[in-house]
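Worksheet: the structure to be examined is printed underneath.
Here is the naming used below: chain letters follow the sequence lines, and residue numbers restart at 1 for every chain.
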Amino acid sequence: MTRVKTLGLWGLLYRHRVAYTYIAPFYVLFAVFGLFPIVAGLAISFFAWNGLDPMRFVGMQNYLRLLGDGMFWKSMGNTAFIGLIAHIFILGGGLVLAYILNSNLVKFQNGFKTVYFLPMVTSSVASAIVFKTLFGLNNGLINVAIKSLGFEGIDWWGGNGDFVKVAVIVMFSWQWIGWNMVIYLAGMQAISKDIYEAAEIDGANHTQVFFRITVPLLKPIILFTLIQSTIGTLNLFTEPYILTGGASLLGGTDNQAMTAMMYLLNKAPYGNNLYGYASAVAYVISAIIIIVSLINMKVFDRDETAASPARRKK
Amino acid sequence: MILKKTFLYLVLLAIVGLMLLPFYWMLVLSTQPTTAIFQYPPPLWFGDHLVANFAAVGQAVNFVQAFTNSLIVTVLYTVLVLLFCSMGGYAFAMYDFPGREKLFTILLVTMMIPWTAGIIPWFFMMSKFGWINNFLALIIPGAANAFGIFWMRQYCKQNIPASLIDAAKIDGLSEWLIFFRIVAPILASGFAALAIMMVVGQWNNFMQPLLILRDNSLHTLPLMLKYMLGDPARGTDMGALMLASTLVVLPLLVAFLSASHYFMSGLTAGAVKE
């Protein structure tokens with residue numbers, strides 16, 4: 001102990017130089033490209049700045065302006081709507097698919113898994129280009145199918161913009177359902193077979209097993225995917241941007257597919273150069289990510305305790 | 001019971017159809033001329049325009065250049081991530097040094113920060129560094145990521161016996177030799193999982209390159225596709241665009257299909273391990 005003290009800071013660093021050298025890249029890169037931008041972002045959000053002229057301190061003005069900007073709220077609403085509806089499929093569908101593939105009801109589990117996971121290795125830009133044509137007005141496969149059934153084709157991208165979000169939701173769900181399914185499957189495989197056998201002896205059917213055993217036991221994993229989904233949805237950008245043509249960040253007809261991230265990048269640096277204002281937007285989006293994640297954690301904690309007496313009874 | 005099973009298979013197969021439909025459509029349109037694509041009804045089966053579409057892609061963009069750019073960014077990024085993350089993970093797992101626990105806690109905390117908060121200053125930094133139109137902006141900032149270190153640390157702890165390292169030290173091997181000759185080979189499958197994550201992420205990366213690479217000759221493949229999708233003035237050659245999309249998607253798709261189990265466990269490793 002006394003020897004360590006006499007070494008001093010430089011002595012310590014020198015003695016453990018190998019370990020410190022090995023971990024140094026992370027902390028250096030993190031300080032420069034992670035920590036600094038986040039701190040600077042908060043500072044810039046209190047200024048008016050176009051990136052060239054001197055910065056002008058405006059206090060809370062950027063935040064006040066943002067709260068009063070209808071377009072910001074519209075992009076937030078779009079993001080929430082797209083995220084919530086898509087997650088019925090991504091989360092609910094992912095869970096059901098994982099349950100089916102984990103049970104002994106079907107064969108070829110690996111084949112199904114592989115196909116459902118395919119979109120995860122596919123470039124979002126390429127997929128969005130394909131989905132854009134699938135939803136084409138006159139020659140899109142989906143309208144061809146609708147017309148062959150005798151209905152009128154849907155103007156997915158135009159009209160009054162009612163259907164733009166549907167196309168985004170369809171693509172978003174297509175992309176992510178396999179990812180959630182594979183994660184839930186891994187979680188389910190960790191659940192002891194004994195529990196299922198006991199339930200079977202007690203005469204529980206699959207619906208009961210799914211809701212009473214599988215879902216409650218998977219709660220930590222579902223929570224994990226929920227938090228990931230929150231971040232992913234609030235960063236949703238490539239898909240709606242390419243689906244609406246890839247030429248502007250305004251989200252297509254009546255801004256129906258303008259997400260929060262598109263709104264942000266449209267302020268700076270891609271559309272305009274309102275750096276201070278865009279920083280405020282980035283901070284508000286980040287705050288919402290944290291708040292929604294905390295709410296998810298709270299809700300899941302409460303459910304956990306509510307569910308436990310039932311389990312004890314069993 | 002048989003009825004129920006048939007029903008389950010039908011549902012699963014219907015979803016297989018839905019998942020594969022975009023891929024099928026992309027492949028079909030890759031072989032069709034744009035005029036046929038815009039007819040009603042559109043072609044549902046393969047055509048004979050594949051070679052012509054290849055020529056059209058070659059005329060519209062410099063595909064080889066974009067492919068090379070994507071390859072450079074992806075390979076350099078992945079190699080650096082593997083190097084820095086295995087170094088960091090190895091140090092946290094096998095060395096005892098002052099501040100280890102605290103530093104590791106900091107590392108874990110950084111995984112929970114929403115990076116969106118710093119995106120504007122990040123972009124401004126890149127321009128101050130002269131990294132606009134520079135691959136370094138896509139390679140360096142994320143080269144030592146917290147998750148990778150966390151992942152490699154677990155891997156080292158489980159797979160490297162401390163006695164092996166001690167023996168190597170007694171034999172007089174230098175730290176670098178120990179790391180590259182003894183540690184690195186043991187970490188091979190840990191490297192593979194991390195590499196899959198990084199390659200898939202960087203090959204398909206779109207938002208960062210969109211902000212950074214403004215010059216056409218520096219475009220990576222996703223940016224090239226966006227350029228081909230184009231503005232209304234230039235018009236879109238749909239057949240060529242579909243073929244180009246196919247060519248962008250194909251390398252990872254083939255790799256995935258030939259080692260799907262490996263890919264799935266690799267990509268979801270972070271989610272599944274704690």
Side-chain angles (χ1 to χ4, degrees), chain A residues 12 16 18-20 22-23 25-26 29-30 33-34 37-38 40-41 44 51 100 105-106 112-118 120-127 129-131 133-134 138-139 141 144 174 182-183 186 224 231 235 237-238 242 246-247 268-270 275 278-279 282-283 285-286 289-290, chain B residues 5 8-9 12 16 19-20 22 25-26 37-42 84 87-88 90-92 95 97-98 103 107 110 113-114 116-125 141 143-144 146 149 175 200 204 206-207 211 222 225-226 229 231 241 245 248-249 252-253 256 260 263-264 267-268 271-272:
Chain A
L12 268 182
H16 298 283
V18 177
Y20 287 126
Y22 283 169
I23 64 168
F26 169 76
L29 292 178
F30 165 68
F33 298 105
I38 285 193
I44 296 173
I100 294 173
L105 293 170
V106 290
F112 287 121
K113 242 168 87 174
T114 303
V115 172
Y116 298 161
F117 200 79
L118 271 178
M120 286 316 303
V121 297
T122 309
S123 155
S124 306
V125 178
S127 318
I129 286 171
V130 176
F131 271 86
T133 63
L134 277 174
N138 293 316
N139 332 84
L141 210 51
V144 170
W174 174 84
V182 168
I183 291 174
F224 171 83
I231 298 170
N235 286 327
F237 169 76
T238 306
I242 297 295
Y270 203 66
Y275 287 94
S279 279
Y283 254 78
I285 293 176
S286 303
I289 290 177
I290 292 173
Chain B
K5 273 198 179 179
L8 277 184
Y9 276 113
L12 291 177
V16 165
M19 298 308 283
L20 292 181
W25 182 242
M26 177 174 78
I37 293 171
F38 286 119
Q39 266 167 17
Y40 185 85
F84 287 153
M87 274 165 48
Y90 171 63
F92 275 121
Y95 285 82
F97 52 89
L103 285 166
L107 181 128
T110 66
I113 300 172
T116 315
I119 187 168
I120 298 300
W122 177 84
F123 174 78
F124 207 75
M125 270 173 84
I149 292 177
E175 296 281 353
V200 171
N204 298 331
F206 176 68
M207 200 182 87
L211 300 179
L225 289 182
K226 188 226 159 213
L229 179 63
D231 52 81
L241 181 58
S245 299
V248 171
V249 169
L252 287 187
L253 221 53
F256 172 67
S260 65
F263 263 71
M264 283 188 275
L267 282 170
T268 54
V272 178

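Your options are A143(B), P121(B), P222(B), and the one with the most heavy-atom pairs under 4.5 Å with chain A is P121(B). Top candidate by heavy-atom pairs under 4.5 Å with chain A, chosen from V248(B), L12(B), L8(B), is L12(B). Contacts with chain B were tallied for I289(A), V144(A), T133(A); T133(A) has the most, counting heavy-atom pairs under 4.5 Å. Taking Y95(B), F38(B), F263(B), F124(B) one by one and counting their heavy-atom pairs under 4.5 Å with chain A, the maximum is reached by F124(B).
Both the backbone and the side chain of Y275(A) come within less than 4.5 Å of a heavy atom in chain B. With a 4.5 Å cut-off on non-hydrogen atoms, N235(A) touches chain B through its side chain but not through its backbone. Contact annotation for I100(A): only side-chain heavy atoms (C-beta onward) come within less than 4.5 Å of a heavy atom of chain B. Contacts of F26(A) with chain B are made by both backbone and side-chain atoms, with heavy-atom separations under 4.5 Å. Both the backbone and the side chain of Y116(A) come within contact range of chain B, with heavy atoms under 4.5 Å apart. For I44(A), the part lying near chain B is the side chain, with the backbone staying farther off; criterion is any non-hydrogen pair under 4.5 Å. Proximity to chain B (any heavy atom under 4.5 Å) is shown, for V130(A), by both the backbone and the side chain.
Below 30°, between 30° and 60°, or above 60°: for F237(A) and F206(B) the angle between ring planes is below 30°, a parallel geometry.
For the side chain to side chain contact (heavy atoms under 4.5 Å, CB included) test, residues two or more places apart in sequence or in another chain that qualify with V115(A) are V16(B), M19(B), L20(B). The side chain to side chain contact (heavy atoms under 4.5 Å, CB included) check on I37(B) picks up L29(B), Q32(B), M238(B), with sequence neighbours excluded.
Under the 3.5 Å distance criterion, with hydrogens and angles disregarded, no donor-acceptor pair is assigned to the side chains of T238(A) and S124(A).
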